[in-house]
Structures are given as C-alpha cells and as structure tokens.
A.B. asks: 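I am attaching a structure below and will ask some questions about it afterwards.
In each ligand, atom 1 is the first atom listed, and ligand 1 is the first ligand listed.
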Amino acid sequence: MATFRSVNPARPADVVGEFPVHGPGDVDEAVARAGAAQRAWARLPIPARADVIAAAGAVLARDKARLTDLVAQEAGKILVEAGGDVQEAVDMAAFVAGQGRSAWGATVPSELGDKLCWTTRHPVGVVGLITPWNFPVAIPSWKIFPALLAGNGVVIKPSEHAPACCEAFVAACVEAGVPADLIRVVHGTAEPAAALAVHPGVGAVSFTGSVPTGRKVAAAAMESGPRVVSLELGGKNAMVVRPDADLDLATDGAVFGAFGTAGQRCTSTSRLIVHPDVAGELVDRIVKRAAELRLGDPRDAATDVGPVITAPSAERIAGMVAGAVGEGATVATGGEAATADGCEGGAFFAPTVLTGVRPDHTVARQEVFGPVLAVLEVADLDEALDVVNGVEYGLSAAVYTRDIATALGAVDRIDTGIVYVNAPTIGAEIPLPFGGTKHTGNGFREAGTRGIEQFSQVKTVYVDYSGRLQKAQIDTHPLDEEGR
Ligand code: UN1
C-alpha cells in the first residue's frame, strides 16, 4: 500500500509518522466495521455511552502534556495554543458526557386526552467525518464525542497534515472503552474523503475545511442519496474598533486574534475596521507588537508564532499580500515569508499588517488563512457594520467600544454566528454553539447542546391510551352548522 509522511512543519526533515494512503476499498471496510460495531453500541443506555466519553476525557487530560507536544510537532501550533487545543477536547468530553445525563427530548401536551407526545433522538448509523489540521484534537472531539453519544459508529478522515494527532485522539477513546471497530480512521487526501462522502453506508457527513472543498463534499454527498450533511467552512472575521474603545485591550485582541495560530484559525481576525480618529495610534501599536513577535520552533516556550502549515501555504499567503499591494494596500509590517533559527526548511510567514485596504480589495473579501491583518478605516458605525457584513462569510466578529448602545446595536446587526464584545474573534467555548452564517456553513452548529443535531435524527412519538380512535385537529374542533 502507498504511504505518505506527516512532517513537522517547523522542520520538515523531522518525520512525525508514516501513514497509509487509503482508497475506496479501505473506506468500504471501515464503514462496514463501524456499522457492525454500532449496533451493539446503540443498544447501550445513553448514560453508559456518556461514561465512556467521560473516561476518554480523563485519558486526554492525563496525557495532555504528550498530546500538546504532538500537536505542536505535527501542526506547528505553539505550546500554549496546542495545550488549548487538547483542553478543548477535554472540555468537550465533559460537556457531552453531561448531555448523556440530561434531557434527551421534550414532552409536549397533547391536544387530545389519554395521549402522550414526546421527542427523542436516534443515531443515524455511521457518520463520515472529514477534519482539518488546525485543531487536530479539538475538532475531531467536536464531532466524535456527540456522534458517539448519539449512538453512532464513526469513520474519520483527518487532514493529511495531522494524521498522528487524530490517531492519538482515537487511541485515547479506545483506551477509555470505545470499541476499536466503532471509530475507524482512514488516511490520505481527496480520494478517501470523497469515497467517505458518497458511501451509501454513511448516514451523515460532517466536514470542516475550506468553502470550495465543502461545496464539493456536500454536492457529492447529496448526489448519492439524501443524508445529513453539515459544513463548517471559512471566515473573514472582522474586529470593529470604535473611537471610544480601550486601545490597550483592542491591541491585545488584534494581536492575539490575527497572529495566534499564525492566523490559521477559521476564526482568526483578518480585518480590522477602525475609526480614523484612533486608526493611527492603534495601527502603530499593533505594528510594533507584530514586529516583536518571535517566530520559531513551536515547541520552544519562548516562541510566539510558529510556522504556517506548508511551503505552498506560505507562497499562497505571499501571493495574497502581493495582490493586496497591487490593489493599493501598504505593507506596514511583515509581508513576506520568513525563516527561524533552528527551523531548517520551515515555512514561516512574518506577522503582517496591511493598511489602506478597501472593502472591495481581494484581501478584504477572501480568507487568507495566514498571519495577515487588513486594516480598513471607516468612520460611520452603520458603514462599519455594512463592511463587516459585506463578505460571503459569517463566522465570527468582534466590536470594541465602551458604549453599551454601540455594543448591543452591533450585536443586533452583525450577521455572523458568533459576536464578541471587547474580546477578539477567536476563543469560542465548548458549551456554546459554534458556527456561522452565509457561506460559512449550512445552518448546523457544533459544540453546545446543538452539537448533537448533525449526528442524530429526532423522532416524534405519539402514544394513544384512550382505547378509541382520536383524530387530531378534527375531534377538537368539529365543524359547526355553518361548516366552520
Ligand atoms: C477553527 O479555527 O476551526 O474559537 C476552530 C476558536 C477556537 C476554535 C477554532 N476555540 O478560535
């Protein structure tokens, strides 16, 4: 069988592991095994499934240091952020385990006597998951734990840039008591992902990644039969800074939001929409901080910004910066690929601030997925919010102001799935729904109580114990003499 290597993006000569390139036959086998194991799993009481998920959280917590190091090595995330990635999975286990001992549906009064009505949730069977490399432990946990709680089997195709992290996550689940056949991992790039998306044995497909790939996955998944398809796609997240804002806070937020994870979060702050009265001061502060950030080995605790995931990724980012300059933007800092001591062959990109960006510039509309902050100066609040909303994406947005009416008015009018006030566009917490509007997704939310929806079907149950035929709507309102 052909294989591929997962490498450390900071030092590509450091091979993290070698993995098989799976084909459609392997996907068939994985779906069959997960499907066979699912039948027994779905018969377990839901709190018993929850106990296994809680145990998986305990294994992840016990192994946090080792997993954090693996995330740093394989995905290039600096240690503190890699630790956050693992912690997000630990939190998810706790949250989902709690859902297993919570209400599982609703009882609804019947309009007729001697009749009970309620809703419950059922598994879809086997779920097919396609996950990115940038949250290589957290995002699998967002999908796998709710899928398991709902009683499903799982086949997951992780990014070819983070296969070892996914294997480590699945190993923790298996150590905790998840049957080994219940979660199967297939590796490779587009071929196994496509085979999974169209597989007739897969009842729901859940994808996190780019818009173009998400569209292909959804089209393929629906072509081979109607099924649940949930998409979590990109963002073009804006931070609005009003003239009354606390500029220290806004500086900290912009630096963390734009350059955290080297800008490679779907929630990364990529547009700063700032009032001209404070633009000069704020941009100066951000530029100064950006220039001071230490690029380096993500496993070195002194590093602020790690590499981007691959050399082609750095080239793509450089191309977008060049395009922005061509359209009239100015590079205030960064703007080019960089190197870092001791990181032979690593693809780094200097934290970049672009000024003079206009809403119609490509860099103000398209996701960069790199450490690039585009600054747009807008005075009027209505216009600033129009700029926030004037893109195809709708994941996350932030507004910095000390004025409560400005803050709450912005919350009302910003058309994104997540809005932050006086906090950056990154940093979503597990008990709350995560997802976006417009091209960012197709209406599902991950995490929170709604995270289970994409992996389960609601069943509505009516039990009539009256012993006679009762007719809804008709018995309650028999027609009168006038036929009403
Ligand atoms: C992502 O980038 O795909 O809110 C997920 C955040 C993280 C999750 C990001 N908790 O930035």
A.B. asks: Numbering the atoms of ligand 1 from 1, which are under 4.0 Å from a heavy atom of Arg265?
C.D. replies: 2 (O), 6 (C), 7 (C), 11 (O)
A.B. asks: Starting from atom 9 (C) of ligand 1, what is the nearest protein heavy atom, named by residue and atom, and what distance separates them?
C.D. replies: Phe135 CE1, 3.5 Å
A.B. asks: What do you reckon, does Gln264 have a nitrogen or oxygen under 3.5 Å from a nitrogen or oxygen of ligand 1?
C.D. replies: no
A.B. asks: May I ask you to identify the nearest protein heavy atom to atom 6 (C) of ligand 1, giving residue, atom name and distance to one decimal place in Å?
C.D. replies: Gly427 N, 3.3 Å
A.B. asks: Does ligand 1 have a heavy atom under 4.0 Å from the side chain of Asn134, from its backbone, from both, or from neither?
C.D. replies: side chain
A.B. asks: Verify the ring-centre separation between Phe455 and Phe444: is it less than 6.0 angstrom?
C.D. replies: no
A.B. asks: Identify, by atom number and element, the atoms of ligand 1 in contact range of Ala428, meaning under 4.0 Å from any of its heavy atoms.
C.D. replies: 4 (O), 6 (C), 10 (N)
A.B. asks: Tell me which part of Thr208 gets within contact of ligand 1: side chain, backbone, both or neither, using heavy atoms under 4.0 Å.
C.D. replies: neither
A.B. asks: Please test Glu232 against Lys143 for salt bridge (charged side-chain N to carboxylate O under 4.0 Å, His left out), starting from the C-alpha separation and ending with a verdict.
C.D. replies: CA-CA 11 Å; Glu232 198 62 71; Lys143 298 184 193 295; over 6 Å; no
A.B. asks: Is it the case that the side chain of Arg227 and the backbone of Ala221 share a donor-acceptor pair, with hydrogens and angles ignored and the cut-off at 3.5 Å?
C.D. replies: yes
A.B. asks: Backbone N or O of Asn237 within a donor-acceptor pair of the Ser396 side chain at under 3.5 Å?
C.D. replies: no
A.B. asks: At what distance is the nearest protein heavy atom to atom 1 (C) of ligand 1, and which residue and atom is it?
C.D. replies: Cys266 SG, 2.9 Å
A.B. asks: Side chain or backbone of Glu232 under 4.0 Å from ligand 1, or both, or neither, by non-hydrogen atoms?
C.D. replies: neither
A.B. asks: Indicate yes or no: does an N/O atom of Trp142 lie under 3.5 Å from an N/O atom of ligand 1?
C.D. replies: no
A.B. asks: Does His275 reach the main-chain N or O of Arg242 with its side chain, forming a donor-acceptor pair under 3.5 Å?
C.D. replies: no
A.B. asks: Applying a strict 4.0 Å limit to heavy atoms, is Ile139 in contact with ligand 1?
C.D. replies: yes
A.B. asks: Distance only, no hydrogens: is a donor on one side chain within 3.5 Å (strictly under) of an acceptor on the other, for Thr362 and Glu327?
C.D. replies: yes
A.B. asks: Under 3.5 Å, is there a donor-acceptor pair between the side chain of Lys157 and the main chain of Val27?
C.D. replies: no
A.B. asks: Taking Leu354 as the fixed residue, which of Leu373, Val363, Val375, Thr333 is the one that meets the side chain to side chain contact (heavy atoms under 4.5 Å, CB included) rule?
C.D. replies: Val363
